[in-house]
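Single-structure report; data block below.
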Amino acid sequence: MKMKVIKVEDNNALSTKAANIVCEVLKKESRPVLGLATGSTPKKMYEFLVERYRKGEISFKDTITFNLDEYVGLAPTDSFSYRYYMEKHLFQHVDINKENVYIPDGLAKDLSKECEAFERAIDKVGPIHLQILGVGLNGHIGFNEPGTSFKSRTHVAKLEESTRQVNSRFFNSIDEVPKEALTMGIGTIMEAEEIVLLVQGEHKAEILEKIVYGDVTEEVPASVLQTHPNAYVITDIDI
Ligand code: F6R
């Protein structure tokens, strides 16, 4: 085994474990910097973090967050945007200072300038202490699809048709799924001090096997994590 794998029973256990890891960073760092993901996988982790905030166990007062990605062309108020997702599942429920929330702006007039500004913002306060990741069925992390350079920085990415198909479950129809997104690059992601990859559900067994045991190749973006000194997987899949 090349990458550390923490095997848990189910989604509940996965989300508890992930929330615990986030809480440790929040308690340890005076100004925690988190890298966050959206999608189905981390939903319950956010729910648990909100619960623990409500119990007074944690605060986000001094936390700075960077989200991995955002669709091009969707407004923050669009219920399919990742900004909307983050507000709904975390930010509106906790004491985070909105000025400390960074999500690429998919409506920016100049997208490459927006990507540069995002990189500069990370540089200013980084490194990211803890990066939470999910993974696509094709091995993508963020919206870095197979073939993306391991050295990539935040950029405009083209979504694979298979990704649009998978993500269409969140939209009214496939036609509504944007064809492009802004995403943190793989090089950017790899600069985080600690990286936790959450992999939930048997349908991801095949890709997880490749990520953990397979070759490190740009054809399987998440396989790059094998080369990170402090990246590991939490999964409910038997591997
Ligand atoms: C989301 C993101 C994506 C997802 C991946 C898995 O911000 O960066 O890489 O983590 O597509 O999505 P789910 O969890 O919906 O299976």
Side-chain angles (χ1 to χ4, degrees), residues 11 14-15 18 35-47 65-91 101-108 111 114-115 118 131-149 152 154-186 188-189 195-208 210-211 218-225 233-237:
N11 189 32
L14 178 145
S15 308
L36 300 176
T38 61
S40 307
T41 313
K43 261 192 201 166
K44 224 180 176 57
M45 174 191 81
Y46 292 130
E47 194 185 310
T65 62
F66 291 92
N67 263 82
L68 282 168
D69 41 20
E70 179 61 286
Y71 289 113
V72 168
L74 297 193
T77 48
D78 190 314
S79 63
F80 303 122
S81 74
Y82 285 170
R83 163 77 67 167
Y84 187 95
Y85 171 108
M86 288 309 301
E87 288 293 336
K88 179 172 164 197
H89 294 288
L90 183 66
F91 298 146
V101 168
Y102 293 88
I103 303 179
D105 178 3
L107 281 187
L111 294 173
E114 174 64 13
C115 294
F118 193 77
Q131 175 68 56
I132 301 290
L133 293 179
V135 68
L137 287 174
N138 61 2
H140 73 211
I141 47 178
F143 272 125
N144 295 288
E145 302 283 34
T148 307
S149 165
S152 55
T154 304
H155 63 285
V156 183
K158 256 191 140 31
L159 271 53
E160 275 196 352
E161 274 317 294
S162 67
T163 297
R164 294 185 65 242
Q165 196 71 49
V166 172
N167 286 9
S168 66
R169 71 189 191 283
F170 297 113
F171 292 78
N172 297 318
S173 80
I174 175 112
D175 303 331
E176 286 185 14
V177 186
K179 297 198 163 129
E180 288 180 331
L182 300 179
T183 183
M184 230 188 245
I186 297 180
T188 321
I189 292 171
I195 304 180
V196 182
L197 177 67
L198 305 177
V199 188
Q200 200 272 317
E202 271 308 314
H203 62 299
K204 291 192 179 164
E206 208 178 310
I207 191 67
L208 180 60
K210 285 190 190 157
I211 295 165
E218 288 176 354
E219 290 314 308
V220 181
S223 68
V224 74
L225 299 175
V233 178
I234 306 178
T235 186
D236 59 355
I237 302 168

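By convention here, the first residue in the shown sequence is residue 1.
At least one side-chain heavy atom of M86 sits under 4.5 Å from a side-chain heavy atom of T38. At least one side-chain heavy atom of N138 sits less than 4.5 Å from a side-chain heavy atom of P146. Using a 4.5 Å cut-off on side-chain heavy atoms (C-beta onward), E218 and S149 make contact. Residues V135 and L133 have side chains not in contact (no heavy-atom distance under 4.5 Å, counting atoms from C-beta outward). Using a 4.5 Å heavy-atom cutoff, the side chains of H155 and T183 are in contact. Two residues are said to be in side-chain contact when any heavy atoms from C-beta on lie closer than 4.5 Å; L36 and L90 meet this criterion. By the 4.5 Å heavy-atom criterion applied to side chains, K158 and E145 are not counted as neighbours. Considering only heavy atoms from C-beta on, Q131 comes within 4.5 Å of L68 through its side chain.
Nearest heavy-atom pair, I103 versus D69, reported as atom, atom and distance to 0.1 Å: CG2-O, 4.1 Å. Looking at every heavy atom in both residues, L14 comes nearest to V199 through CD1-O, 3.7 Å. Between V156 and V72 the shortest heavy-atom distance is CG1-CG2, 4.5 Å. The two residues G134 and A37 make their nearest non-hydrogen contact at N-CB, 4.2 Å. In terms of heavy-atom proximity, V166 sits nearest to L137 at CG2-CD1, 4.1 Å. Closest approach of P42 and Y85 over heavy atoms only: CG-OH, 3.8 Å.
The environment of E206 atom CD is sparse: at most 12 non-hydrogen atoms of other residues, nucleotides or ligands sit within 6.0 angstrom. For NZ of K43, the number of neighbouring non-hydrogen atoms (other residues, nucleotides, ligands) closer than 6.0 Å is greater than 12.
Here the OG atom belonging to S152 is positioned 7.5 Å from the CD1 atom belonging to I189, to the nearest 0.5 angstrom. Interatomic distance, CD1 of I237 versus CG of L208, reported as 5.0 Å (0.5 Å rounding). For the atom pair CD of Q200 and CG of N11, the computed distance is 4.0 Å after rounding to the nearest 0.5 Å. In this structure, CG on L74 lies 13.0 Å from OH on Y84, to the nearest 0.5 angstrom. Atom CG of L107 and atom CZ of R83 lie 11.0 Å apart (nearest 0.5 Å). If you take CD1 on I132 and CG on N67, they are separated by 11.0 Å, rounding to the nearest 0.5 Å.
Separation of the Y71 and F170 ring centroids does not fall under the 6.0 Å cut-off.
Listed for the E70 side chain is no donor-acceptor partner under 3.5 Å among the backbone atoms of L182.
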Q: Report the C-alpha separation of L159 and K179 in whole Å, then their side-chain angles, then the decisive distance to 0.1 Å, and conclude whether the side chain to side chain contact (heavy atoms under 4.5 Å, CB included) test is met.
A: CA-CA 5 Å; L159 271 53; K179 297 198 163 129; 5.8 Å; no

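The aromatic rings of F66 and Y102 sit parallel to each other, their planes meeting at less than 30°, with 60° as the upper class boundary. The aromatic rings of H140 and F143 sit perpendicular to each other, their planes meeting at more than 60°, with 30° as the lower class boundary.
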